Structure formats: C-alpha cells, structure tokens
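Scroll down for the structure; my scribbles are underneath it.
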Amino acid sequence: MPTRSRITGTGMAVPDCIVDNHLLSRCMSTSDEWIVQRTGISERRVSPDTYRMLLRLAAAPDKTAYMRDVKDRGFDGNIDSSLTVSDLAVEASRMALEHAGLTAEALDCIVESSTLPDFAYPATGCVTQGKLGLTSTPVFNLAQGCAGFVYGLSLADQFIRGGMYKRVLVIGAELLSSAFDYTDAGRDMAVLFADGAGAAVLEAHEATGAEPRGLISHHLHSDGSAIDALTGEICGSSTFPPVSKKKIDDGRTRPRMNGRAVFVHAVRRVREVVQECLDANGLPADDIDLFIFHQANLRIVESMAQSFKISEPRMHNNIQRYGNTAAASVPICLHEAVMGGRMKEGDLVMLVAFGTGFSWGATLIRW
Ligand code: COA
C-alpha cells in the first residue's frame, strides 16, 4: 500500500492588537471606504510594537517627522521587538501539535517559511525549533513569500511519500508590520499586510480504497523576472553595506510594490494554477468542495470565484479580519476552516497561493 501524508493537526496565532481602517486613516491619507472597496480588509492584527507606534503616529502633528524619528532612534529609543515572527510560529506550532495529539519531540522534521525573519541568519525555522525545545530535529527554511506554506506542504509530502520522515510540521509565519512606513509614503502596502502564523502537522498513513485521504498533488511555479514588482531590500546584500543611514534615508529599507502589476500577475497565475491542478486530476471545478485562496485581496479571490463559478460556501475567506498575512494566510484559513467544521471526511480541498518572487502554487487534498 502506498504511503500518503495526511494533515492531522492545524494551528494558528495572531497578535492581540487589532488595527482597524479608521486608525490607519488617522496616520495616513486613506479611508475605511477606500481600503474596503479596493481590498476587502476591515481590520488586521499587528505586533504590540507596531500597535503602540501607530497610536503615537496617529496623535503626531507631523507624521513624516515622527516616522523619521522612529527610524533614527528606534521606537522610544528601543530597537528590540517585544514579539518576533518565531514567537508567532511557536504558538501556531504548539496548537497544531496539540490538535495532532503529538509533542514536539515526535516530529521528524520542520519546514518553515517566513518573509521577514527574526534574523538574517540563522533562519526563522531554526529559531522556532529551538524555542520548541528541540535540539536535533532537521529544519528546512523557505523564503517563498505568500506561497511559502503551499511550497512547504509539497516538500513535507515528498519526504513522507518517499519514506524519509513520518511526521513533519509545516509553518507559515509572518511579522511584516514592523517594516512598513505608516505615513503616506508607504500607504499602498501598509494597509494590506499584517502579522500572524499558521501551522499544520503532516503524518504518514497507508493509503487504502480507491480515493485515499491525504495530499494528492502539488503544482508549483516561480517567475524571477518580475522581482521589482514586490521587493523588500531591508537588510539584504543588494546594497553595500546591507544597512546604512543612506539606505534608510533613500527609503530602500522599506518594502516596495507595484500594486497594479502584482494584481494582474496574481489574477492570471492563480487562474492558471487552479486550472492546472484540476486538469492534472481530471476534475471539474464543481468537484472541489472547498477552495482556500491566499488572502491577498478580496477582489482577486472574487475574480477566481467568477472564473470557476465558486459559490460563497465553497470558499473560506478571512481577509476582512486579518489582512494579508503572506505565508501565514493559507494555514490560518485552513485552521479556521477545520475548526469551523467546513470539511468532512473525503472532501476535496484546494489550497492556492501567490506571492513575491513571483512564486505561486496549488495543492489538492482529499480530507
Ligand atoms: N489609501 C488611499 N489611496 C491609496 C492608497 C491607500 N492606502 N494606496 C494607494 N492609493 C492611491 C494611489 O496612490 C493611486 O492614486 P493616484 O491615482 O492619484 O495615483 C490611487 O489610490 C489608485 O491606485 P491604484 O494602484 O490604481 O489602486 P488599485 O485599484 O490598483 O488598488 C491595490 C491598489 C494595492 C489595493 C491593488 O493594486 C492590489 O491589491 N494589488 C495587489 C497587491 C497584492 O495583492 N500584493 C500582495 C501579493 S501577495
């Protein structure tokens, strides 16, 4: 009997601090109406540091001067974060392990993806592993942006099918809010992205029956010719030295995005990869019981719903409450769908993601 991987536990973590569109509109020239109409987002979760900074920024008479001061001196003269991306990854992982009925020690491997890590090195997966109390479990670190969790699932699935590992934890975790400029200069990205983490435990099982449960197929792609459309130089080696006052003054430590170009690519690539996944499995879109799309923009998801005639009950969206949490968005949706009883045994579930790189992909699962 062939070995298949099944998701036996899911988890999520988001910071307690909620930022609604009204608070953002006190920091930059935007409005609740603009954000809801263009993106579908009403509120998002951010780290306590970002939240406290936003409250100060909202009250500051000169927003640009206040943001410059934060960059020059740190927030209140302090540059240590009170919550890091690995903290969120650990919380989501513990929940996923608890749901799977496992301890961290039972894991054979961890696959982690984050866009903005705790440190340039070591990678966040290693930091997370250490915080889970592990000292020799292998860790794979991905930096696949919003597609990170879907990429991670494919890797974990191959390890399990190939017999190398039996229990793999896959994590998508992000703490992006700390890098944005919440004044007019950064408003295009600052309203979209937010913080959070999601995780899933995959376990080996022997496939039985004509339609065995578990991960069925993965369809992955990247296009490195479009890196300028969505980039965060931050502390990368594209500049010498990686961080300098000049880099900060020139605004190159701030993420950059060509929103329209990303939108067009996302709609095209997501549509293509959904079709590819359906074709590879000989399925019409109607046969998919639940679609979980990366939560980048509700308009992108609505466009897919229109193309593939997906009714509301056959999707799970939460961008209204969490914004775009990049690699965390698909596993957070997955966890909510599990907890909300959205899938029953035997259902077909398709996970789809698109992000910086560009990298995108789809995974089909029989639940
Ligand atoms: N509030 C108010 N106005 C804003 C704004 C904000 N937060 N951000 C940008 N604008 C302005 C722009 O400056 C522009 O002004 P102009 O016409 O005077 O130049 C205007 O709004 C319209 O901008 P445009 O880029 O045409 O809007 P849009 O309809 O394309 O929506 C995005 C902008 C960013 C919401 C949209 O392009 C998008 O969602 N793109 C994909 C982003 C994404 O998914 N990224 C992550 C991928 S994983």
Side-chain angles (χ1 to χ4, degrees), residues 19-44 46 54 57-58 63 67 113-116 142-151 172 174 176-177 179-196 198 221-223 226-232 251 254-271 273 292-304 317-320 322-333 351-362:
V19 172
D20 64 15
N21 295 340
H22 300 287
L23 175 54
L24 291 182
S25 63
R26 287 164 51 210
C27 300
M28 61 183 85
S29 311
T30 193
S31 65
D32 179 52
E33 192 189 8
W34 192 96
I35 301 171
V36 171
Q37 266 180 14
R38 305 283 175 125
T39 72
I41 302 167
S42 292
E43 60 186 41
R44 73 281 293 141
V46 300
L54 286 173
L57 182 63
K63 317 285 185 207
M67 275 310 292
S113 190
S114 294
T115 307
L116 185 64
L142 304 180
Q144 291 301 117
C146 304
F149 183 77
V150 167
Y151 265 72
E174 304 285 6
L176 294 164
S177 71
F180 294 119
D181 184 328
Y182 286 90
T183 68
D184 285 3
R187 67 178 179 171
D188 58 335
M189 295 186 80
V191 302
L192 295 178
F193 292 94
D195 305 333
H221 299 278
S222 292
D223 175 3
I227 58 165
D228 286 342
L230 186 50
T231 305
R254 199 172 61 221
R256 297 190 303 273
M257 180 180 75
N258 178 341
R260 281 179 213 186
V262 175
F263 193 93
V264 169
H265 276 272
V267 168
R268 184 177 138 214
R269 297 309 202 175
V270 169
R271 189 178 291 133
V273 83
I292 292 181
F293 289 103
H294 165 51
Q295 305 288 291
N297 185 322
L298 202 56
R299 288 189 296 155
I300 298 176
V301 177
E302 283 167 355
S303 164
M304 293 312 121
N317 296 318
N318 61 18
I319 192 169
Q320 301 87 340
Y322 296 128
N324 180 348
T325 56
S329 110
V330 167
I332 289 177
C333 271
L351 312 180
V352 190
F354 175 92
T356 184
F358 296 122
S359 286
W360 64 100

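Remember, it's 1-based here, ligands and their atoms both numbered in the order they're listed. Keep in mind that what you see is a predicted model, and the values were worked out from it rather than measured.
Judged purely by atom type and a 3.5 angstrom limit, Arg44 uses its side chain to pair as donor or acceptor with the backbone of Val191.
Which parts of ligand 1 touch Thr39 is read off a 4.0 Å heavy-atom cut-off, strictly below it: atoms 35 (C). Near Phe193, the atoms of ligand 1 lying under 4.0 angstrom from a non-hydrogen atom of the residue are 46 (C). Atoms of ligand 1 found under 4.0 Å from any heavy atom of Asp188, numbered from 1 in the order shown, are 8 (N). For ligand 1 and Val191, the ligand atoms under 4.0 Å from any heavy atom of the residue are 7 (N).
In this structure, Phe354 and Phe358 have tilted ring planes: the angle between them lies in the 30° to 60° band.
Of the protein's non-hydrogen atoms, Asn297 ND2, 3.6 Å is the one closest to atom 38 (C) of ligand 1. Atom 4 (C) of ligand 1 has its closest protein heavy atom at Trp34 CZ2, 3.2 Å. The single protein non-hydrogen atom nearest to atom 44 (O) of ligand 1 is Ala296 CB, 3.4 Å, given as residue, atom name and distance. Considering only non-hydrogen protein atoms, atom 47 (C) of ligand 1 sits nearest to Val262 CG1, 3.6 Å. Atom 40 (N) of ligand 1 has its closest protein heavy atom at Gly259 O, 2.9 Å. In this structure, the protein non-hydrogen atom closest to atom 42 (C) of ligand 1 is Met257 SD, 3.7 Å. Nearest protein heavy-atom contact of atom 1 (N) of ligand 1 is Thr30 OG1, 2.6 Å. In this structure, the protein non-hydrogen atom closest to atom 48 (S) of ligand 1 is Cys146 SG, 3.2 Å.
Checked against a 3.5 angstrom limit, the closest N/O atoms of Phe354 and ligand 1 fall outside it. Residue contacts with ligand 1: Asn324 is placed with no nitrogen or oxygen under 3.5 Å of a nitrogen or oxygen of the ligand (distance criterion only). Checked against a 3.5 angstrom limit, the closest N/O atoms of Arg260 and ligand 1 fall inside it. Inclusion of His294 in the set of residues having an N or O under 3.5 Å from an N or O of ligand 1 is not warranted. Residue-to-ligand polar distances place Arg38 within reach of ligand 1: an N/O pair is separated by less than 3.5 Å.
Among all heavy-atom pairs drawn from Ser329 and His294, the shortest one is OG-ND1, 2.7 Å. The minimum heavy-atom distance between Ser29 and Asp184, with the atom names listed, is N-OD1, 2.6 Å. Here the closest non-hydrogen pair linking Ala327 and Ser113 is CB-O, 3.8 Å. The shortest heavy-atom contact between Ala353 and Val150 is CB-CG2, 3.9 Å. Between Asp195 and Leu176, the shortest heavy-atom distance links the atoms OD1-N, 2.8 Å.
Within a 4.0 Å radius of atom 9 (C) of ligand 1, the protein contributes at least one heavy atom. Atom 19 (O) of ligand 1 lies below 4.0 Å from none of the non-hydrogen atoms of the protein. For atom 16 (P) of ligand 1, no protein non-hydrogen atom is found at a distance below 4.0 Å.
You'll find the side chain of Leu24 reaches within 4.5 Å of the side chain of Tyr182, heavy atoms only. Using a 4.5 Å heavy-atom cutoff, the side chains of Asn258 and Asp228 are not in contact. Taking 4.5 Å as the limit, some side-chain heavy atom of Asp223 sits within range of a side-chain heavy atom of Trp360. Within the 4.5 Å cutoff, no side-chain heavy atoms of Cys333 are placed close to those of Phe149.
Contacts of Ser29 with ligand 1, taken as heavy-atom pairs under 4.0 Å, involve the backbone alone. Residue Trp360 does not touch ligand 1, judged by heavy-atom distances below 4.0 Å.
Nearest to atom 13 (O) of ligand 1 by heavy-atom distance, out of Arg187, Glu33, Met28, Gln295, is Arg187.
Partner of Gln295 under the side chain to side chain contact (heavy atoms under 4.5 Å, CB included) criterion, chosen from Ile300, Val330, Thr39, Ile319: Ile319.
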Point to revise | Criterion side chain to side chain donor-acceptor pair (under 3.5 Å) on Thr115 and Glu174, from CA distance to verdict | key: CA-CA 6 Å; Thr115 307; Glu174 304 285 6; 2.7 Å; yes

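Note on residues 27-39: no pairs pass salt bridge (Lys or Arg N to Asp or Glu O under 4.0 Å), not counting sequence neighbours.
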